[in-house]
**Student:** 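For reference, the structure I am asking about is given below.
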Amino acid sequence: MFRKNRFKFRYQKDRMDCGPVCIQMISDYYGKKYDLNFLREICNYGKQGVTINSLKGAAEKIGYDAHVIKAGLDEINDLDLFPYILHWGNDHYVILLKFTKKSAVIADPGYGILSVSKEIFKKNWYKNNKGVAVVLSPAELLESNEPKRTSLFGYTSKYLKKHKKEILKIAATLLIINTLTFLLPFITQKIFDDGIAHTDKKMIYYLILSQLFIYIGIYLSEIYRNWIAVKLGGNISIEIIYNFFKKLIKLPIHFLETKVVGDYNQRIQDSEKIEAFMTSQSITSIFSMLTIIVYLIVMSIYNFNLFFLYISITLVSVAVSLYFLKKRRLYDYLIFKEKANIQNLTFEILNGITEVKLNGLEDVKLNQWKNYQNLALKLNVDLAKIGQQQYISFSALNQIKNLSITLVSSILVIDGLLSLGELLTISFIVGQLNSPIDQLISFFRDVQDSKLSMERISEIEDQKDEDNEKDANLKEVENENSIIFRNVSFSYNSTDRVLDNINIEIPENKITAIVGASGSGKTTLIKLILKFYERYSGDIFIKGVNIKNVTSASIRKSIGTVMQDGYLFSDTIEGNIAGETIMDNEEEYQALKQMAYQLSNAEEFISRLPLRDQTKVGSYGINLSGGQEQRLIIARALFKNPDFLILDEATSALDTKNEKTIHNNLKLFFKNKTVLIIAHRLSTVRNADNIIVMDHGKVIEQGEHRELLDKKNKYYELVKNQLELD
Ligand SMILES: Nc1ncnc2c1ncn2[C@@H]1O[C@H](COP(=O)(O)OP(=O)(O)OP(=O)(O)O)[C@@H](O)[C@H]1O
């Protein structure tokens with residue numbers, strides 16, 4: 001039997017992590033700790049997240065008996081198989097922990113543990129009066145495999161260590177500031193008890209003067225500390241973002257494909273949070289804690305009863321704050337969800353504005369948007385009400401604290417148990433304690449936030465690079481120019497085979513065309529050659545070398561590739577084609593560039609631009625037509641003058657005339673190159689030396705155009721239906 005642990009909450013790290021994180025939390029509960037990346041992988045995690053069946057399948061792979069049930073609220077309560085994973089809203093998973101009389105307690109990986117009313121629960125869970133839940137019961141669970149991650153402290157010290165000098169300077173100034181501040185109340189006490197009481201004006205002058213110097217000292221130290229902190233923060237921030245980006249850019253494509261832009265933006269914000277935590281919050285909080293301790297000791301020495309009174313009321317106000325914090329959580333949660341809806345809709349409307357206008361959907365979309373805004377407004381008003389209650393109770397308690405301390409200390413003065421100076425010192429201390437206490441409360445909240453940010457960033461930092469140091473470079477083992485597939489099978493999601501036992505040779509210095517229906521696996525085949533994915537069975541050889549043993553960088557260097565979704569950067573045409581290529585011989589560079597422009601038939605439109613190839617293109621440049629963009633992307637591949645050329649629908653946006661010219665041009669270029677073309681147009685395919693026909697991930701025919709037509713098989717069918725048969 002599996003021992004049930006106390007339920008431990010975990011936050012999701014990325015937008016689509018909710019499914020794997022739910023399994024992770026439930027596994028924690030049964031005493032097994034699984035690595036999130038491992039869970040993502042077995043859940044067939046992609047940009048779209050995880051389907052309910054993938055979630056069930058993943059749980060079964062770990063060793064759960066998993067069942068998907070469709071039930072109502074009372075039914076699952078009666079079944080009593082808590083915790084359940086629930087399909088929540090349209091695209092989210094949460095864990096249902098229990099029902100209380102009026103509410104349901106859920107763990108939402110995007111938010112935290114919260115208690116929601118049964119009405120809200122139904123609204124989010126039900127679709128047609130029932131909801132979908134996954135029940136997991138442990139049968140024979142795999143061993144834990146979660147690697148030990150760096151702690152927030154370890155991570156912080158890794159960066160801070162490099163800046164010991166600055167940290168010491170900040171700590172020293174804080175120590176000076178604290179000591180000086182600490183002296184102030186004693187001087188005040190002296191002014192009253194010694195100066196005024198003994199009518200010693202000289203003493204008062206000295207004491208006031210020393211107070212003035214202390215204030216000057218405090219301000220100067222603060223200016224110095226801020227200056228160092230800003231510099232240190234800037235440096236650390238750059239280091240974190242640079243390390244993150246350097247790592248990110250070297251990660252395998254299959255890892256990057258599982259994330260969306262938002263996930264990366266989130267991590268850039270994370271680095272700012274960590275930087276703030278390292279450079280200001282953590283150090284200041286240590287000193288806040290010191291200040292609180294020292295002042296409390298002083299207060300207890302002056303008068304223990306006053307100290308006790310202060311501590312008691314402070315504890316009550318902290319408890320009140322926590323109560324309101326809990327009350328606000330639910331509203332924060334609902335507003336957070338509503339805001340996400342508004343953001344998504346706004347983005348969708350702006351992105352699809354042309355479609356909205358073309359289909360007359362302006363009012364529909366506007367109303368949808370207004371409804372979301374109204375819902376958010378209503379929730380915000382409720383939240384503001386709670387905020388007001390919180391503010392009133394907190395201020396009231398604060399006043400009660402001040403008044404009671406003043407009352408008790410005045411009585412103590414009257415009774416002769418406290419001097420007037422001591423009374424003033426205590427009032428000063430009470431005033432001084434407010435901000436360190438606030439700081440400490442927010443520090444504990446920030447630790448939680450920074451921990452999550454740190455985990456998200458170190459998740460990327462802990463990934464393995466795409467290329468291994470032991471991998472060789474392709475050039476070093478060059479001997480021939482063919483590409484061979486031997487028994488290659490591949491699947492994106494470990495269930496459906498996208499490539500099924502492929503055995504082909506793409507002969508050297510010839511043109512090979514791949515044809516097949518949409519989705520038959522043509523692009524995937526190319527992606528395997530380019531080392532996008534490594535989890536395939538079988539072997540692929542380029543230049544006689546198994547690509548598993550060579551770096552992906554060297555493979556991509558010897559292959560000029562034009563993919564379906566080629567991209568132009570915001571740069572000049574030349575910058576897009578040649579990048580920062582450095583060549584010893586300027587003439588050779590110019591010749592290569594001209595060759596690329598001419599063969600791709602881009603010369604024709606570049607020469608008409610006033611700035612020629614210095615014209616800026618891309619999202620911030622001039623608008624190019626789809627065909628012009630495609631020609632530049634082809635030019636970029638040709639500029640590399642590679643041994644291999646791979647063109648995936650590279651001329652699909654071109655008119656037939658342009659396509660024909662490019663093909664004629666390329667024939668020259670193709671002579672000593674191994675070329676692989678994916679195309680739908682017969683005009684592109686028919687002249688190939690070798691045609692490979694794919695269907696549902698299999699190679700079903702191979703040969704020359706005439707030969708395959710005579711066979712009257714799949715190629716013939718394709719030609720008849722898709723390519724224009726002439
Ligand atoms: N990144 C991915 N993750 C999961 N599945 C994918 C991914 N890319 C492609 N697929 C799936 O793999 C199958 C083959 O896709 P592929 O792009 O290789 O086909 P194709 O023959 O090139 O199609 P087309 O002619 O339409 O470009 C399709 O069913 C597709 O849905």
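Just follow the structure's listing: the first ligand is 1, and inside any ligand the first atom is 1. Being a predicted model, the structure only gives us computed values, none of them experimental.
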**Student:** Does NZ or CZ of Lys720 come closer than 6.0 Å to the centre of the six-membered ring of Tyr715, within 45° of the ring's axis?
**Tutor:**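 The answer is no, since Lys720 fails at least one limit relative to Tyr715.
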**Student:** Does the pair Glu459/Arg40 count as a salt bridge with the N-to-O cut at 4.0 Å?
**Tutor:**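 Arg40 and Glu459: salt-bridged.
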**Student:** Any Lys/Arg nitrogen of Glu146 or Lys32 sitting under 4.0 Å from an Asp/Glu carboxylate oxygen of the other?
**Tutor:**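 Here Glu146 does not pair with Lys32 in a salt bridge, since their nearest N and O are not under 4.0 Å apart.
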**Student:** For Gln564 and ligand 1, answer yes if some heavy atom of the residue is under 4.0 Å from a ligand atom, otherwise no.
**Tutor:**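 Contact check Gln564 vs ligand 1: positive.
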**Student:** Report, in ascending order of atom number, the atoms of ligand 1 lying under 4.0 Å from any heavy atom of Glu257.
**Tutor:**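 Close to Glu257: 1 (N).
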**Student:** Would atom 31 (O) of ligand 1 count as contacted, meaning some protein heavy atom under 4.0 Å?
**Tutor:**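 No; the ligand atom in question lacks any protein heavy-atom contact below 4.0 Å.
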**Student:** If I apply the N/O under 3.5 Å rule, does Lys522 come out as touching ligand 1?
**Tutor:**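 There is such a contact, yes.
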**Student:** For atom 22 (O) of ligand 1, what's the nearest protein heavy-atom neighbour? Residue, atom name and distance, please.
**Tutor:**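 Scanning the protein heavy atoms, the shortest distance from atom 22 (O) of ligand 1 goes to Thr523 OG1, 2.6 Å.
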**Student:** Would a line drawn from the ring center of Phe569 to the ring center of Tyr567 be shorter than 6.0 Å?
**Tutor:**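 Judged by ring-centre distance (under 6.0 Å), Phe569 and Tyr567 do meet the cut-off.
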**Student:** Which residue supplies the protein heavy atom nearest to atom 15 (O) of ligand 1, what is that atom called, and how far is it?
**Tutor:**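 Protein heavy atom at minimum distance: Thr524 OG1, 3.8 Å.
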**Student:** Could you tell me whether Ser518 and ligand 1 have an N or O pair separated by under 3.5 Å?
**Tutor:**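 For ligand 1, there is an N or O atom that lies under 3.5 Å from one belonging to Ser518.
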**Student:** Salt bridge or not for Lys698 and Asp695, using N-O below 4.0 Å?
**Tutor:**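 Salt bridge absent between Lys698 and Asp695.
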**Student:** Looking at atom 9 (C) of ligand 1, what's its closest protein heavy atom, distance included?
**Tutor:**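 Going by distance alone, atom 9 (C) of ligand 1 is nearest to Tyr492 CE1, 3.4 Å.
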**Student:** Check this for me, if you would: do Lys522 and Asp648 make a salt bridge, where the nitrogen-to-carboxylate-oxygen distance has to be below 4.0 angstrom?
**Tutor:**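 The answer is no: the pair does not qualify as a salt bridge.
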**Student:** Using heavy atoms and a 4.0 Å limit, tell me yes or no: is Gly697 in contact with ligand 1?
**Tutor:**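 So Gly697 does not count as touching ligand 1.
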**Student:** Within less than 4.0 angstrom of ligand 1, does Gly516 place any heavy atom?
**Tutor:**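 Gly516: no contact with ligand 1 (<4.0 Å).
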**Student:** Looking only at protein heavy atoms, identify the closest one to atom 13 (C) of ligand 1 and say how far it is in Å.
**Tutor:**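 Protein heavy atom at minimum distance: Val498 CG1, 3.7 Å.
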**Student:** Taking 4.0 angstrom as the limit and counting only heavy atoms of Ala517, give me the atoms of ligand 1 inside it, by number and element.
**Tutor:**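 The list of qualifying atoms is 21 (O).
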**Student:** By number and element, which atoms of ligand 1 are closer than 4.0 Å to a non-hydrogen atom of Gly521?
**Tutor:**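 Ligand 1 atoms under the 4.0 Å threshold to Gly521: 14 (C), 18 (O), 19 (O), 20 (P), 21 (O).
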**Student:** Would Tyr492 and His254 count as a close aromatic pair, with their ring centres under 6.0 Å?
**Tutor:**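 When the ring centroids of Tyr492 and His254 are compared, they turn out to be at least 6.0 Å apart.
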**Student:** Taking the six-membered ring of Tyr716, is the NZ or CZ of Lys712 close enough (under 6.0 Å from the centre) and on axis enough (within 45°)?
**Tutor:**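 That pair qualifies as a cation-pi contact.
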**Student:** Which bit of Lys527 gets closer than 4.0 Å to ligand 1, counting heavy atoms only: side chain, backbone, both or neither?
**Tutor:**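 Neither; nothing of Lys527 gets under 4.0 Å from ligand 1.
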**Student:** Should Gly519 be counted as touching ligand 1, given the test is an N or O pair under 3.5 Å?
**Tutor:**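 So ligand 1 has an N or O lying under 3.5 Å from an N or O of Gly519.
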**Student:** Under 4.0 Å between a side-chain nitrogen and a carboxylate oxygen: does that hold for Glu534 and Lys548?
**Tutor:**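 Salt bridge: no.
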**Student:** Answer yes when Asp643 and Lys543 have at least one side-chain N-carboxylate O distance shorter than 4.0 Å, and no when they do not.
**Tutor:**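 A salt bridge links Asp643 with Lys543.
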